[in-house]
Amino acid sequence: MTEDTSHLNPSKLGTKEYWDTAYETEIKNYADNGDIGEIWFDESSQTRIIKWLKKHKISKDSSIIDLGTGNGAMLLELFDEDFTNLTGCDYSEKSIELAKQIASDKDCDCITYKVIDLLSDNVTSLGTFKICHDKGTFDAIGLMEDSAVKKEIYVKNVWNLIEDNGLFIITSCNFCEEELEKSFHDYFEKFEVIPSQTFQFGGKVGKTTTSVCFKKKTL
Ligand SMILES: C[S@@+](CC[C@H](N)C(=O)[O-])C[C@H]1O[C@@H](n2cnc3c(N)ncnc32)[C@H](O)[C@@H]1O
């Protein structure tokens, strides 16, 4: 039997309470000093994805949803690059409050924000999108109690959110390419690995994050 290397022990990062508290603090920090808070895996991880979208000539009016948007920094970077059909969602009301405030201060009024639990049946109320983007959200779900079941629900819900021929782009620090492929292969096929920063140690090349673009399968 092959060992399931994708199982992680539950952590506080897999709870809504953790994110609500984190974004409540970030709302205060933002009001006090204009700091928008943490951008997971650094701004360069966003820039790489946007570079990839441009390389693949993804049209600027393609519908794009950022799943588990946090402070919404990815959407604002897409907005700065003239993408016009943008939605952000998160299960933390505080995340959406923060993201809306930052966007409004940047005079950006064309992003739609929704509070939604991506593991719930309500996901279908969001509609469908050409591109679903996830940076760190599948990672957080992998840290929930009962994560194996939760990850399966997430994969199925993301499949329902994507238009036929649409793409799912995920950046993870907890799962490698093979583990992501294993989690998503029932509903998606690997389209391309998006190059990420590598480091070398003892002659071996490693990565801190993995970004993969998957194509929706027709089932
Ligand atoms: C690691 S943070 C990443 C935030 C943002 N994507 C970024 O790259 O900066 C994970 C995000 O996923 C959200 N999240 C976790 N589980 C969720 C769920 N079931 N439904 C919706 N959002 C969820 C959290 O509230 C948090 O904002």
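Throughout, residue positions are numbered sequentially from 1 according to the sequence presented. Atoms within a ligand are numbered from 1 in the order they appear, just like the ligands themselves.
Looking at Asp61 and Thr84, their side chains never bring a donor and an acceptor atom within 3.5 Å of each other. A donor atom on one side chain and an acceptor atom on the other are found under 3.5 Å apart for Tyr30 and Asp105.
Glu179 contributes a side-chain N or O that, together with a main-chain N or O of Cys176, makes up a donor-acceptor pair within less than 3.5 Å. Not one N or O on the side chain of Ser120 forms a donor-acceptor pair closer than 3.5 Å with the backbone of Ile116.
Considering only non-hydrogen protein atoms, atom 21 (C) of ligand 1 sits nearest to Tyr91 N, 3.2 Å. In this structure, the protein non-hydrogen atom closest to atom 3 (C) of ligand 1 is Lys135 O, 3.3 Å. Considering only non-hydrogen protein atoms, atom 20 (N) of ligand 1 sits nearest to Leu118 N, 2.9 Å. The single protein non-hydrogen atom nearest to atom 10 (C) of ligand 1 is Gly136 O, 3.7 Å, given as residue, atom name and distance. For atom 12 (O) of ligand 1, the closest heavy atom belonging to the protein is Thr137 OG1, 3.3 Å. Among all non-hydrogen protein atoms, the one lying nearest atom 2 (S) of ligand 1 is Trp19 CH2, 3.5 Å. For atom 26 (C) of ligand 1, the nearest non-hydrogen atom of the protein is Tyr23 OH, 3.4 Å. With hydrogens left out, the protein atom closest to atom 4 (C) of ligand 1 is Gly68 O, 3.4 Å, a heavy atom.
Partners of Tyr18 by ring-ring contact (aromatic ring centres under 6.0 Å, His included), not counting sequence neighbours: none found.
The proximity of Tyr154 to ligand 1, defined as any non-hydrogen pair under 4.0 Å, does not occur for either the backbone or the side chain. Contacts between Thr69 and ligand 1 below 4.0 angstrom, taking non-hydrogen atoms only, involve the backbone exclusively.
Phe214 has its side chain within reach of Glu181: a pair of non-hydrogen atoms, C-beta onward, lies under 4.5 Å apart. No side-chain heavy atom of Thr210 sits under 4.5 Å from any side-chain heavy atom of Ser196.
Ligand-side atoms of ligand 1 in range of Ile116: 20 (N), 21 (C), range being under 4.0 angstrom from any heavy atom. Which parts of ligand 1 touch Gly70 is read off a 4.0 Å heavy-atom cut-off, strictly below it: atoms 27 (O). Of all atoms in ligand 1, numbered sequentially from 1 with element shown, those under 4.0 Å from a heavy atom of Asp117 are 18 (C), 19 (N), 20 (N).
Annotation: salt bridge (Lys or Arg N to Asp or Glu O under 4.0 Å) contacts involving residues 106-134, sequence neighbours excluded, are absent.
Distances between N or O atoms of Asp66 and those of ligand 1 include no value under 3.5 Å.
Atom NZ in Lys216 sits 6.5 Å away from atom CG in Asn160 (nearest 0.5 Å).
Taking a cutoff of 4.0 Å between a charged side-chain nitrogen and a carboxylate oxygen, Asp20 and Lys16 qualify as a salt bridge.
Residue contact check for ligand 1: Asp90 places a non-hydrogen atom closer than 4.0 Å to it.
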